[in-house]
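All remarks here apply to the structure that follows.
Every chain is numbered from 1, with letters handed out A, B, ... down the list of sequences.
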Amino acid sequence: MEVGNTTTVRVRFAPSPSGYLHVGGARTALFNWLFARRAGGRFILRIEDTDQQRSTGESVAAILEDLAWLGLDWDEGPGADGGHGPYFQSQRSEFYRRYAGLLGDAGLLYPCYCTPEELEARRAGTGGEGKFQGYDGRCRELTPADRVRLEAEGRTSALRLRVPTSGKTVVDDGIRGRVEFANEIMGDFVVVRADGSPTYNFAVVADDIEMGISHVIRGEDHLSNTPRQFLIYEALGRAKPFFAHIPLILGPDRTRLSKRHGATSVGQYREAGFVQEAVANYLSLLGWSYDDRRELFTVPELVQAFSLERVSRNPAVFDPGKLEWFNGHYLRELPLEILEERLDPLMKRRGLTIPAGPDGREWYHRVLNLLRPRVHNLEELAADSAYFFPAEVPLDPAGLEKVIRKEGVAARLTAARERLAGVEPFNQEEIEEAIRGLAAELNLKAGDLIHPLRMAVTGKTVSPGLFEVLALVGRELTLDRIDRAACVAG
RNA sequence: GGCCCCAUGGUCUAGUGGUUAGGACGCCGCCCUCUCAAGGCGGUAGCACGGGUUCGAGUCCCGUUGGGGCUACCA
């Protein structure tokens with residue numbers, strides 16, 4: 001499949017700001033961005049805010065933030081003028097007016113005086129049953145006298161495109177191949193509403209032409225609209241860009257992914273402690289694959305590896321579990337400096353302060369290395385790190401019953417405390433030797449000491465290896481917490 | 001209803017006429033082990049169905065079934 005002239009690649013992502021950045025939209029943006037970066041082309045961001053009812057400024061801000069977070073920078077768009085602006089459809093009326101004028105001058109538009117109510121009534125009147133549901137063409141051949149009369153009635157008119165009543169429109173899609181649509185099923189659709197505003201199909205075409213878009217990469221939900229857009233390109237006598245319709249992302253019930261399926265916005269995942277590396281990598285695999293074994297890609301690697309040729313045709317079910325696995329993977333692999341940076345706000349929010357100086361930093365890195373193989377997101381990581389700090393550690397109630405309030409535990413904690421008080425230096429090796437030695441002396445299994453100590457010091461029944469934990473928690477905090485636990489032990 | 005798209009394990013997918021149908025997530029088991037992870041090893045599970053074409057179909061064609069999308073003066 002011909003992929004077009006790569007030296008002039010200009011692609012766009014055109015979200016409508018009526019909500020947050022959805023993972024489906026993010027995936028579309030990612031594919032466009034990757035395609036542009038790989039081809040050395042331009043990635044353009046256009047805000048389709050013609051629906052004034054639903055569009056909000058907060059939504060625009062949230063979408064920009066999430067795209068930036070994912071690393072999808074735009075060459076042209078809000079805040080980045082590239083000579084094809086403005087980049088908000090609500091500010092582009094003059095273009096739509098001009099294009100409508102061109103169409104009108106060519107005699108390809110006609111005013112339609114039917115009201116929405118009348119149209120609906122007529123559609124219902126056809127009885128449904130295998131009948132054409134589009135416009136019935138009532139106003140298509142109105143005489144000037146008819147128009148004067150209708151206008152005298154106070155009717156306003158929308159402008160419809162004269163669609164050929166025979167023949168077919170062929171879409172050569174980069175992913176679907178050749179798709180044919182009979183013109184007769186399209187009907188004369190509205191291009192300019194009675195209030196003068198352009199309809200979606202018209203605005204998109206006008207914008208894509210004006211912005212010099214070379215490749216339109218978008219969701220498959222737009223495939224059925226494509227022939228209408230083709231008709232507009234043809235009516236305008238303009239060359240069409242290359243089209244590629246990528247498969248939709250579905251929820252577990254195999255319907256288009258939406259809010260009712262749970263967390264579906266990029267922002268939600270970000271706030272839940274997901275890292276952009278994981279989200280981008282996971283999203284890249286929804287509808288695209290590299291080969292039969294490689295799935296791990298950094299964003300720069302994706303730029304090298306991505307191609308439209310390897311985009312799949314089947315819809316993909318979004319699997320939060322696999323996203324979580326990717327997140328765990330990147331949490332484990334990320335350089336500590338980066339991990340630290342990402343964690344910073346979460347640590348601050350919890351009032352956890354990393355000790356100053358190089359020793360403090362090194363200590364913190366050791367804590368992170370201990371914890372990170374065990375968590376799936378930044379929130380967990382921050383939360384689990386709390387007991388390494390001089391913070392109050394609540395004792396998990398179930399663990400308290402199971403391991404602390406048991407016969408003889410108080411005595412064992414006390415014995416361990418005394419032994420630990422004399423360990424020098426207070427490091428993993430020495431601690432282990434002391435505790436194992438004590439267990440042997442008391443004729444206990446090591447676990448009989450380890451489990452109560454873990455509960456006492458971390459407040460939890462699970463943690464990284466106890467000896468490493470104690471060494472990092474430090475003698476002072478360790479002894480304090482043992483004392484406190486001994487008070488409630490059996 | 002009409003039009004369009006899609007169909008490999010539960011999920012994401014590799015596969016482009018001849019493969020023991022490969023990988024990943026999940027799940028199960030084993031190893032490691034002070035708990036929990038991580039890691040290593042092993043396992044579970046798949047070509048929707050029916051017709052063709054062909055010496056030979058997961059791969060090509062037709063149909064059926066199933067799923068999805070679009071059918072607005074929404075985007």
Could you check whether A:Phe181 gets within reach of a base, just the sugar-phosphate, or nothing at all, counting any heavy atom under 4.0 Å? sugar-phosphate
Q) What does A:Thr461 touch in the nucleic acid at a heavy-atom separation under 4.0 angstrom: a base, only the sugar-phosphate, or nothing? A) base
| query | Using the ring of each side chain (for Trp, its six-membered ring), is A:Phe326 parallel, tilted or perpendicular to A:Tyr330, with breaks at 30° and 60°? | reply | parallel
Against the side chain of A:Arg254, the closest entry in B:C12, B:A75, B:U13 is B:C12
Practice task
Answer with yes or no whether A:Thr255 presents, from its side chain, a donor or acceptor under 3.5 Å of a partner atom in the base of B:G68.
Solution key: no
Among B:G69, B:G10, B:C4, the one nearest any side-chain atom of A:Val179 is B:C4
Need one value for A:Arg54: base, sugar-phosphate or nothing, where a base atom within 4.0 Å counts as base even if backbone is also close, heavy atoms only. base
TODO: Could you tell me whether A:Gly287 contacts a base, only the sugar-phosphate backbone, or nothing, with contacts defined as non-hydrogen atoms closer than 4.0 Å?
DONE: sugar-phosphate
When both distances are under 3.5 Å in a Watson-Crick or G-U wobble arrangement, the nucleotide paired with B:C60 is B:G52
Quick one: does A:Asn281's side chain have a donor or acceptor within less than 3.5 Å of a partner on A:Glu295's backbone?
yes
Next item on the list: Confirm from the modelled atom types if A:Arg374 and B:C36 form a donor-acceptor pair under 3.5 Å, side chain to base only.
Entry: yes
Under a 3.5 Å limit on both distances, the Watson-Crick or wobble mate of B:C27 is B:G43
Closest to the side chain of A:Asp319, out of B:G69, B:C25, B:A75, is B:C25
Exercise for review: Identify whether any heavy atom of A:Arg218 sits under 4.0 Å from a base atom; if not, whether one sits that close to sugar-phosphate; answer base, sugar-phosphate or nothing.
Suggested key: nothing
Query raised in the report: Checking all strands, does A:His245 fall into the base, sugar-phosphate, or nothing category for heavy-atom contacts under 4.0 angstrom?
Result: nothing
Notebook entry, point to check: With respect to the phosphate group of B:G15, does any side-chain polar atom (N or O) of A:Arg310 fall under 4.0 Å of OP1 or OP2?
Noted result: yes
By the Watson-Crick or G-U definition, both distances under 3.5 Å, B:A7 is matched with B:U65
Assign A:Glu48 to base, sugar-phosphate, or nothing according to its heavy-atom contacts below 4.0 angstrom with the strands shown. sugar-phosphate
Side-chain contact check for A:Val462: nearest option of B:C36, B:U13, B:A75 is B:C36
Per atom distances to the A:Thr199 side chain, the nearest of B:C70, B:C73, B:G23 is B:C73
Re B:U20: Watson-Crick or G-U wobble partner, both distances kept under 3.5 Å, found to be none
Regarding the side chain of A:Arg228, the nearest nucleotide among B:C5, B:U13, B:U71 is B:U71
Would you call the rings of A:Phe31 and A:Phe306 parallel, tilted or perpendicular, where under 30° means parallel and over 60° means perpendicular? tilted
TODO: Return yes if some donor-acceptor pair links the side-chain N/O of A:Arg160 with the main-chain N/O of A:Asp188 below 3.5 Å, else return no.
DONE: yes
Base, sugar-phosphate alone, or nothing: which one does A:Ala446 contact when heavy atoms must sit under 4.0 Å apart? nothing
Closest to the side chain of A:Pro116, out of B:C73, B:U13, B:C70, is B:C73
Practice task
Identify whether any heavy atom of A:Pro247 sits under 4.0 Å from a base atom; if not, whether one sits that close to sugar-phosphate; answer base, sugar-phosphate or nothing.
Solution key: nothing
- Classify the nucleic acid contact of A:Glu324 as base, sugar-phosphate or nothing, counting any heavy atom under 4.0 Å across all strands shown. nothing
Quiz item: Is there a donor-acceptor pair closer than 3.5 Å between any side-chain N or O of A:Arg92 and the backbone N or O of A:Tyr87?
Solution: no
So that I can tick it off, tell me whether A:Arg155 and A:Glu118 are bridged by a salt bridge, with the cut-off set at under 4.0 angstrom between side-chain N and carboxylate O. yes
With a 4.0 Å cut-off on heavy atoms, is A:Arg293 in touch with a base, just the backbone sugar-phosphate, or nothing at all? sugar-phosphate
Out of B:C34, B:U8, B:G67, minimum distance to the side chain of A:Asn314 belongs to B:U8
Q) With a non-hydrogen cut-off below 4.0 angstrom, is A:Leu296 in contact with a base, only sugar-phosphate, or nothing? A) nothing
Between B:G68 and B:C62, how far apart are the two C1' atoms, rounded to whole Å? 22 Å
Practice prompt. Pick the P atom in B:C36 and in B:C31, then give their distance to the nearest Å.
Written response: 13 Å
Working note: A:Tyr282 + A:Phe318, criterion ring-ring contact (aromatic ring centres under 6.0 Å, His included); need CA distance, chi angles, decisive distance, verdict. CA-CA 10 Å; A:Tyr282 177 65; A:Phe318 185 75; 5.5 Å; yes
- Can you tell me how far C1' in B:A14 sits from the matching atom in B:U19, rounded to whole Å? 12 Å
Side-chain atoms of A:Thr50 come closest, of B:C36, B:G23, B:A75, to B:A75
Checking B:U11, B:G26, B:C73 against the side chain of A:Val190 (C-beta onward), the nearest is B:C73
Which of A:Arg313, A:Glu220, A:Arg218 passes side-chain hydrogen bond (donor to acceptor under 3.5 Å, both in side chains) with A:His245? Answer is A:Arg218
**Prompt:** When rounded to the nearest Å, what value does the distance between C1' atoms of B:C60 and B:U54 take?
**Reply:** 10 Å
Requested in this report: With C1' as the reference atom in both, quote the distance from B:U64 to B:C12 in angstrom, rounded to an integer.
Outcome: 28 Å
With a cut-off of less than 4.0 Å, is there a side-chain N or O of A:Ser224 near OP1 or OP2 of B:G69?
no
_Students often get this wrong, so: under 4.0 angstrom with heavy atoms, is A:Leu466 touching a base, only sugar-phosphate, or nothing?_
base
Checking N1-N3 plus N6-O4 or O6-N4 for Watson-Crick, or N1-O2 and O6-N3 for wobble, each under 3.5 Å, the partner of B:A75 is none
Note to self: Just to be sure I understand the rule, does A:Arg160 reach a base, reach only the sugar-phosphate, or reach nothing, if contact means heavy atoms closer than 4.0 Å?
What the structure shows: sugar-phosphate
_Let's test your reading of the model: under 3.5 Å, does the base of B:C6 pair with the side chain of A:Arg313 as donor and acceptor?_
no
